[in-house]
Amino acid sequence: MSRLPARAWPAYLPLRRVLVVSRPALWVNTVGTLVTGVWLSGELYTLHPGVLALLVYLTLPFNLLIYGLNDLFDREEDARSSRKGGWQGARLASYEAAPLLRATAWLNVPALLLLTLALPPAATAVLAVSAALFVAYSLPPLRLKARPFLDGLSNVAYALPLALPALVLGKGMPWAPLLALMAYSVGKHAFDAAQDIPADRLAGTRTVATTLGAGGTALYALAWFCLAAALLWPVSRLTALALLLTCGGMSLALRRRPTPEQAARLYPLSIVTPWIVGAVAGVQLVYLLARGLWP
């Protein structure tokens, strides 16, 4: 791990470094979810100030909160992980801790306070719950990441932005897609954790994957993906099938060869599943909205 004399420690991180830590390749998990929520509310687009403010916040600030804190408190595990140090996650040096915390606070605290003033109370509460779950996932004393099964269940936070447009615009809640996305998020977390089993075990971090092993994790993730598809089936059979083919397929591939190395080989597919399933759902929603057939 890199060391610098204390007097040489930077007060602030360069913007490029902040962007790397926020993992722009994964912003689709927050921004895409919000946009899908707009479509599910029956709007092709909206210029509502609250939704636009959320769209901006769910880019760099929120993702820095998610992944900056995660990388900061996972430094011991990440130092042993071959996939960290690039787009899949930063490998932070000790001298980056304080400036990263400052950047995360400056980008999130004022934004959350302003959103509290701009959003309806229910939307503010949902956003606060999502942010709190991500903080609790990484930070002690809760550090849900190191609590098997709670680690994955806390990832329902990824689904909560889907509910925000309905709450801001005063529309009906898309319960089936929301619950399906929650189930998908739990399954994806477990699947993605399988590749980190060796590093997590060396660091003494207990996760759902270290508890179940790669083969058991594959079945656990598959069960959540099947639940997500079942919830989506009445809404969009095509989207449910896309989820089963991609996520179910990669789970079965891991089950056939239950090793962390196989999970690492399949991880790029896991990364693009939100793009694939989201594209299938999005094209249908946009078509139906343009034709006046939704909701």
Side-chain angles (χ1 to χ4, degrees), residues 26-46 48 50-51 54-55 58 62 119-120 122-123 125-127 129-130 133 152-192 219-252 269-295:
L26 303 184
W27 288 9
V28 65
N29 295 329
T30 52
V31 175
T33 301
L34 183 77
V35 172
T36 303
V38 171
W39 293 337
L40 287 169
S41 73
E43 302 286 343
L44 190 57
Y45 68 93
T46 179
H48 190 287
V51 176
L54 282 167
L55 187 63
L58 292 178
F62 197 56
L119 300 178
V126 169
L127 182 61
V129 168
S130 182
L133 283 172
L153 291 173
S154 69
N155 272 239
V156 299
Y158 279 107
L160 295 180
L162 192 75
L164 293 174
L167 295 172
V168 173
L169 300 174
K171 302 295 182 71
M173 185 63 63
W175 285 110
L178 178 61
L179 294 172
L181 187 53
M182 287 180 174
Y184 163 83
S185 299
V186 177
K188 187 176 186 303
H189 170 272
F191 183 90
D192 291 349
L219 291 178
Y220 180 77
L222 179 61
W224 284 104
F225 292 144
C226 289
L227 175 59
L231 288 164
L232 281 176
W233 188 261
V235 181
S236 170
R237 294 184 179 183
L238 192 59
T239 305
L241 288 172
L243 193 154
L244 280 176
L245 287 174
T246 55
C247 299
M250 69 187 190
S251 298
L252 291 173
L269 175 58
S270 177
I271 287 291
V272 300
T273 55
W275 295 88
I276 296 171
V277 179
V280 172
V283 167
Q284 292 178 82
L285 283 169
V286 169
Y287 172 79
L288 293 172
L289 286 166
R291 296 290 301 274
L293 302 175
W294 180 270

For this session: With side-chain contact (heavy atoms from CB on, under 4.5 Å) as the test, would you mind laying out the steps for Tyr184 and Trp224 before giving the verdict?
Result: CA-CA 6 Å; Tyr184 163 83; Trp224 284 104; over 6 Å; no

Problem set entry | Heavy-atom side-chain contact between Leu181 and Thr36 under 4.5 Å | no

Exercise. From Thr273 OG1 over to Phe191 CZ, what is the distance, rounded to the nearest 0.5 angstrom?
Worked result: 9.0 Å

Problem set entry | Gly248 versus Leu222, closest heavy-atom pair with distance | CA-CD1, 3.7 Å

For this session: Go through Leu241 and Trp233 one step at a time and tell me if the side-chain contact (heavy atoms from CB on, under 4.5 Å) criterion holds.
Result: CA-CA 8 Å; Leu241 288 172; Trp233 188 261; 3.9 Å; yes

For this session: Apply side-chain contact (heavy atoms from CB on, under 4.5 Å) to Leu44 and Val286, showing your working.
Result: CA-CA 7 Å; Leu44 190 57; Val286 169; 4.0 Å; yes

Problem set entry | Exercise: identify the closest heavy-atom pair between Leu232 and Ala240 | CB-CB, 4.1 Å

Seminar exercise, completed: With sequence neighbours left out, the residues meeting side-chain contact (heavy atoms from CB on, under 4.5 Å) with Leu245 are none

Exercise. Under 4.5 Å between any side-chain heavy atoms of Met250 and Ser270, yes or no?
Worked result: yes

Exercise. Looking at residues at least two apart in the chain, or sitting in another chain, which of them share a side-chain contact (heavy atoms from CB on, under 4.5 Å) with Leu179?
Worked result: Met182, Leu231

Problem set entry | From Leu219 atom CG to Leu252 atom CG, the distance as rounded to the nearest 0.5 Å | 8.5 Å

Seminar exercise, completed: Heavy-atom closest pair (Thr33 atom, Ala159 atom, distance to 0.1 Å) is CG2-O, 4.1 Å

Problem set entry | Close side-chain approach of Glu43 to His48, heavy-atom, < 4.5 Å | no

Exercise. If you measure from CG on Leu243 to CG on Leu238, what distance do you get to the nearest 0.5 Å?
Worked result: 11.5 Å

Exercise. Can you pull the ring-ring contact (aromatic ring centres under 6.0 Å, His included) pairs that have at least one residue in residues 275-295, sequence neighbours excluded?
Worked result: none

Exercise. Does any pair with a residue in residues 224-240 pass salt bridge (charged side-chain N to carboxylate O under 4.0 Å, His left out), and if so which ones, sequence neighbours excluded?
Worked result: none

For this session: Quick one: pull up CG in Leu160 and CG in Asn155 and give me the separation to the nearest 0.5 Å.
Result: 11.0 Å

For this session: Kindly give the heavy-atom pair with the smallest separation between Thr246 and Val277, and that separation in Å.
Result: OG1-CG2, 3.8 Å

Problem set entry | Side-chain donor/acceptor of Ser251 to backbone N/O of Cys247, under 3.5 Å | yes

For this session: Look up atom CG in Leu269 and atom CD1 in Ile276, then write down how far apart they are to the nearest 0.5 Å.
Result: 6.0 Å

Seminar exercise, completed: All heavy atoms of Leu153 vs all of Val186, minimum pair found to be CA-CG2, 4.0 Å

Problem set entry | Non-hydrogen side-chain atoms of Lys188 and Pro274 separated by less than 4.5 Å | yes

Exercise. Counting N and O atoms only, with roles assigned by atom type, does the side chain of Ser185 sit under 3.5 Å from a partner on the main chain of Val156, one being a donor and the other an acceptor?
Worked result: no

Exercise. Which heavy atom of Val38 sits nearest a heavy atom of Thr46, and at what distance?
Worked result: CG1-CG2, 4.1 Å

Problem set entry | side-chain contact (heavy atoms from CB on, under 4.5 Å) assessment of Ile271 paired with Leu26 | CA-CA 8 Å; Ile271 287 291; Leu26 303 184; 3.5 Å; yes

Exercise. Residues in ring pair (Phe, Tyr, Trp, His ring centres under 6.0 Å) with Phe62, at least two apart?
Worked result: Tyr57, Phe134

Problem set entry | Distance (rounded to the nearest 0.5 Å) between Leu58 CG and Leu127 CG | 7.0 Å

Seminar exercise, completed: Sorted by chain and number, sequence neighbours left out, side-chain contact (heavy atoms from CB on, under 4.5 Å) with Pro174 holds for Leu40, Ala166, Pro177

